[in-house]
Amino acid sequence: MNKQINPPENKEVYHFIEEIIREDLKSNKYNKEIHTRFPPEPNGYLHIGHAKAILLSYGLAEKYNGKFNLRFDDTNPDAEETEYVEGIINDVKWLGANWENREFFASNYFEQLYEWAEMLINKGKAYVCEQTPEQVSENRGTPQVPGKSPFRDRPIQESLNLFRKMRAGEFTENTMTLRAKIDMASPNMHMRDPIMYRIKHKHHHRTGDKWCIYPTYDWTHGQSDFIEGITHSLCTLEFENHRPLYNWYLDQLVEQGAYRPRQIEFARLNINYTVMSKRKLLRLVKEKYVNGWDDPRMPTITGLRRRGYTPQSIKTFAEKVGIAKRENVIDLSLLEYAIRDDLNKTAQRVMAVIDPLKVIITNYPKDKTEFLEAINNPEDETMGTRQVPFSKELFIEKDDFIENPPKKFFRLGIGREVRLRYAYFITCNDIVKDENGNITEIHCTYDPQSRGGKSPDGRKVKGTLHWVDAKNAIQTEVRLYDRLFIKENPEDVAENEDFINNLNPDSLITTKGFIEPFIKYAKIQDKFQFERLGYFCVDNDTTENNIIFNRTVTLKDSWAKK
RNA sequence: UGACCUAUGGUGUAAUGGUAGCACUUAUGAUUUUGGUUCAUACAGUUAAGGUUCGAAUCCUUGUAGGUCAACCA
């Protein structure tokens, strides 16, 4: 009752990573500006979880006048391709992250890493192991049982010779590795003499056939951060157990107290009704459940872009999601909120009918067409107005007419009067049905006094409908999208099923749209609000004779729910 | 039964020993030439049990639950 209201505090709140950065800046820990990076592996396209990571690292660098690098973590030639490098560059740029000229590849550092590896061998901290992958795995032990490594006491010179021969291509794959000599009894499995190099006689998208040994992630990542002068190396929680190894490698190269990068982990993004792992997304693409990485149903950045999402909406979303260390599943509705919030302020309004019902204005002259003024965006006066044609035959939405409507239905029914937006009040007098009883057209009269949608006598109507002039309407293709999965958690499946069983069969419905002529000037990616229906954007597949619209998101509809 | 991490309304995230707040969602109402937007109101929370303290979401102890790790993936 007497609850006291807090005085408004404009105190900015910082998440734990920003807190760390602020302290480091205060203590001048690095003796320079902060430096972050985004390190994608070019083996697939980026998704919105990556967007969160990019916006975090870039946003922090920008806010604190630091630097941000883009670095491709291309240490495994098996699945990495130039196509993905280009896709990733495109997506990061589109999001607005700026890495200036600092576009790097871990493969640039292969020679340096190799030298450091020899150094470790010489220090007795690394050795060549001659076991098959199966043997390495068997001998690793279990979390409770220490492992063993039969070659770890091999003389330094012998390891050095073998390592050089590995590089020279004298051995076949899976016969030999270079391993760090750490602790085969560590409770942290990553510390049980991790692999530093493996043999792969594979062509690399950057280094070609120069190398046949490739460094592993752990041996590459921290060292690359170090080479680039990264201060805060942000990654997701699953790398938490790698941090001791990240630090161990740096210990071998860096003096106590000297500069070194710091790895900090945060929780990855999950959203309900979709999947977010590269492996699963790749499967959706490869097995053609969707039409490629940029299918508008995909949570990829390229898919969201094609769907009509804006960089701003993704930034808003990433901010609202926050940064923390606990596992999370974000409601899809938050993403939808973010895009509606942006498009409401920016999108051109237009009237379009997707499921048409013909309306004949019986008292309107047969050959007349007049033009009515419509507002382009009620949220932004500077966007101006446009002229919309009106004549005797129109289309309205089938949903907007019920023969015998219930009391709370504000739209059209027999004997009811509604407003056609920006046009006239009309009253329905009669309907025409086909032999199956389906309504084929409705007959209305209009009130010429109500031009523009106002009645001079001040009488009110509760409903306002969107409409298009049948004669002047432009016919387009419209693709209606819905959530990709039927279940909140796509992994919620019966035994011997998988997430594929939860795909939503109605995630894409292709239909037609009849749109006012204004739309003929639309270009690919242009975004519109189809009044009362939702936000739509022009799809890439659009050709001169066939405009195609993607529905980005519907408008909130507090009537449909009832 | 090993190591590391996490636990606050339906969801996400704040409160840094001192009034548990914000956003999304949901519901209701007002405004409205979009059943949109905007505005207002409401519902609803500290994993459990002990302990320290004048005072604990916060510190300590012990549970419970969840996540990650035994690829020559990243």
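Residue numbers start from 1 in every chain, and the chains themselves are labelled A, B, ... in the order their sequence lines are given, proteins ahead of strands.
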**Student:** At under 4.0 Å between heavy atoms, what does A:Glu134 touch on the DNA or RNA strands: base, sugar-phosphate, or nothing?
**Tutor:**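 No contact at all - A:Glu134 keeps every heavy atom at 4.0 Å or more from the nucleic acid.
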
**Student:** Taking for each residue the nucleotide of RNA chain B with the nearest heavy atom, is it A:Glu379 or A:Lys460 whose nucleotide lies nearer the 5' end?
**Tutor:**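 Upstream on the strand: A:Lys460.
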
**Student:** May I ask you to say what A:Thr220 touches in the nucleic acid, namely base, sugar-phosphate or nothing, with a heavy-atom cut-off under 4.0 Å?
**Tutor:**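 Since no nucleic acid heavy atom lies under 4.0 Å of A:Thr220, the category is nothing.
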
**Student:** What about A:Asp331, does its side chain sit under 3.5 Å from the base of B:rU25 through a donor-acceptor pair?
**Tutor:**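 Donor-acceptor pair under 3.5 Å: no.
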
**Student:** Before we go on, tell me: are the rings of A:His204 and A:Phe110 under 6.0 Å apart, centre to centre?
**Tutor:**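 Between A:His204 and A:Phe110, the centre distance is under 6.0 Å.
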
**Student:** Determine, answering yes or no, if A:Trp559 is stacked on B:rG35 under the 5.5 Å centre rule and the 30° plane rule.
**Tutor:**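 One would call A:Trp559 stacked on the B:rG35 base.
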
**Student:** Answer with yes or no after comparing the ring centroid distance for A:His242 and A:Tyr246 against a 6.0 Å cut-off, counting only values under it.
**Tutor:**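 That pair fails the under 6.0 Å test.
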
**Student:** Using ring centroids (six-membered ring only for Trp), state whether A:Phe105 and A:Phe72 fall under 6.0 Å.
**Tutor:**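 Ring centroids of A:Phe72 and A:Phe105 are less than 6.0 Å from each other.
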
**Student:** Counting any heavy atom closer than 4.0 Å, what does A:Phe530 reach on the DNA or RNA strands: base, sugar-phosphate only, or nothing?
**Tutor:**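 It contacts nothing in the nucleic acid.
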
**Student:** Which part of the nucleic acid does A:His221 contact within heavy-atom distance under 4.0 Å: base, sugar-phosphate only, or nothing?
**Tutor:**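 Result for A:His221 = nothing.
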
**Student:** Please work out if A:Asn188 contacts a base, only the sugar-phosphate, or nothing of the nucleic acid, heavy-atom cut-off 4.0 Å.
**Tutor:**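 Since no nucleic acid heavy atom lies under 4.0 Å of A:Asn188, the category is nothing.
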
**Student:** Please enumerate all residues that pass ring pair (Phe, Tyr, Trp, His ring centres under 6.0 Å) together with A:Tyr45, with sequence neighbours excluded.
**Tutor:**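 For A:Tyr45, the residues satisfying ring pair (Phe, Tyr, Trp, His ring centres under 6.0 Å) (neighbours in sequence not counted) are A:Tyr84, A:Trp293.
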
**Student:** Among all residues two or more places apart in sequence or in another chain, which pass the side chain to side chain contact (heavy atoms under 4.5 Å, CB included) test with A:Glu173?
**Tutor:**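 Partners of A:Glu173 by the side chain to side chain contact (heavy atoms under 4.5 Å, CB included) criterion, ordered by chain and then number, come out as A:Ile199, A:Lys200, A:His201, A:Lys202.
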
**Student:** Nearest nucleotide by nearest heavy atom, which residue falls closer to the 5' end of RNA chain B, A:Tyr14 or A:Ile195?
**Tutor:**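 The residue whose closest nucleotide sits nearer the 5' end is A:Tyr14.
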
**Student:** Can you give the dot-bracket line for RNA chain B, using ( ) for pairs inside the strand, [ ] for pairs that cross earlier ones, | for pairs with another strand and . for unpaired bases, where Watson-Crick and G-U count if both distances are under 3.5 Å?
**Tutor:** .((((((..((((....[..)))).(((((.......)))))....(((((..]....))))))))))).....

**Student:** Under 4.0 Å, counting only non-hydrogen atoms across every strand here, what does A:Pro39 touch: a base, just sugar-phosphate, or nothing?
**Tutor:**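 It contacts nothing in the nucleic acid.
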
**Student:** Return the set of residues passing ring pair (Phe, Tyr, Trp, His ring centres under 6.0 Å) with A:Phe514 (not counting sequence neighbours), or none when no residue passes.
**Tutor:**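 Checked A:Phe514 against ring pair (Phe, Tyr, Trp, His ring centres under 6.0 Å); matches are A:Phe395.
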
**Student:** Using a 4.0 Å heavy-atom cut-off, does A:Gln144 contact any base of the nucleic acid, only the sugar-phosphate backbone, or nothing at all?
**Tutor:**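 It contacts base atoms.
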
**Student:** For A:Val329, answer base if it contacts any base atom (sugar-phosphate contacts may also be present), sugar-phosphate if it contacts only those atoms, and nothing otherwise; contact means non-hydrogen atoms under 4.0 Å.
**Tutor:**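 The residue A:Val329 makes sugar-phosphate contact but no base contact.
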
**Student:** Taking A:Asp447 first and then A:Arg459, would you say they form a salt bridge - that is, a charged N and a carboxylate O separated by under 4.0 Å?
**Tutor:**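 Here A:Asp447 pairs with A:Arg459 in a salt bridge, since their nearest N and O are under 4.0 Å apart.
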
**Student:** Using a cut-off of under 3.5 Å, enumerate the N/O to N/O pairs linking the protein to nucleotides 5-7 of chain B.
**Tutor:**
residue, atom, partner, partner atom, Å
B:rC5, O2', A:Glu240, OE2, 3.3

**Student:** For this output row, return yes or no: ring centroids of A:Tyr309 and A:Phe317 closer than 6.0 angstrom.
**Tutor:**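 Centroid distance A:Tyr309-A:Phe317: not below 6.0 Å, so no.
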
**Student:** For A:Thr75, report the nucleic acid contact type (base, sugar-phosphate, nothing); a contact means any heavy atom under 4.0 Å.
**Tutor:**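 The answer is sugar-phosphate, as A:Thr75 gets under 4.0 Å only of primed atoms, P, OP1 or OP2.
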
**Student:** Heavy atom of residues 334-355 of chain A under 4.0 Å from RNA chain B: which residues?
**Tutor:**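 A:Leu334, A:Tyr337, A:Asn344, A:Arg349 - these, ordered by number, are the residues of the stretch whose heavy atoms sit under 4.0 Å from the strand.
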
**Student:** For residues A:Tyr249 and A:Phe226, establish whether the separation of their ring centroids is below 6.0 Å.
**Tutor:**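 Not close enough - the centres of the two rings lie 6.0 Å or further apart.
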
**Student:** Checking all strands, does A:His190 fall into the base, sugar-phosphate, or nothing category for heavy-atom contacts under 4.0 angstrom?
**Tutor:**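 Sugar-phosphate contact only.
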
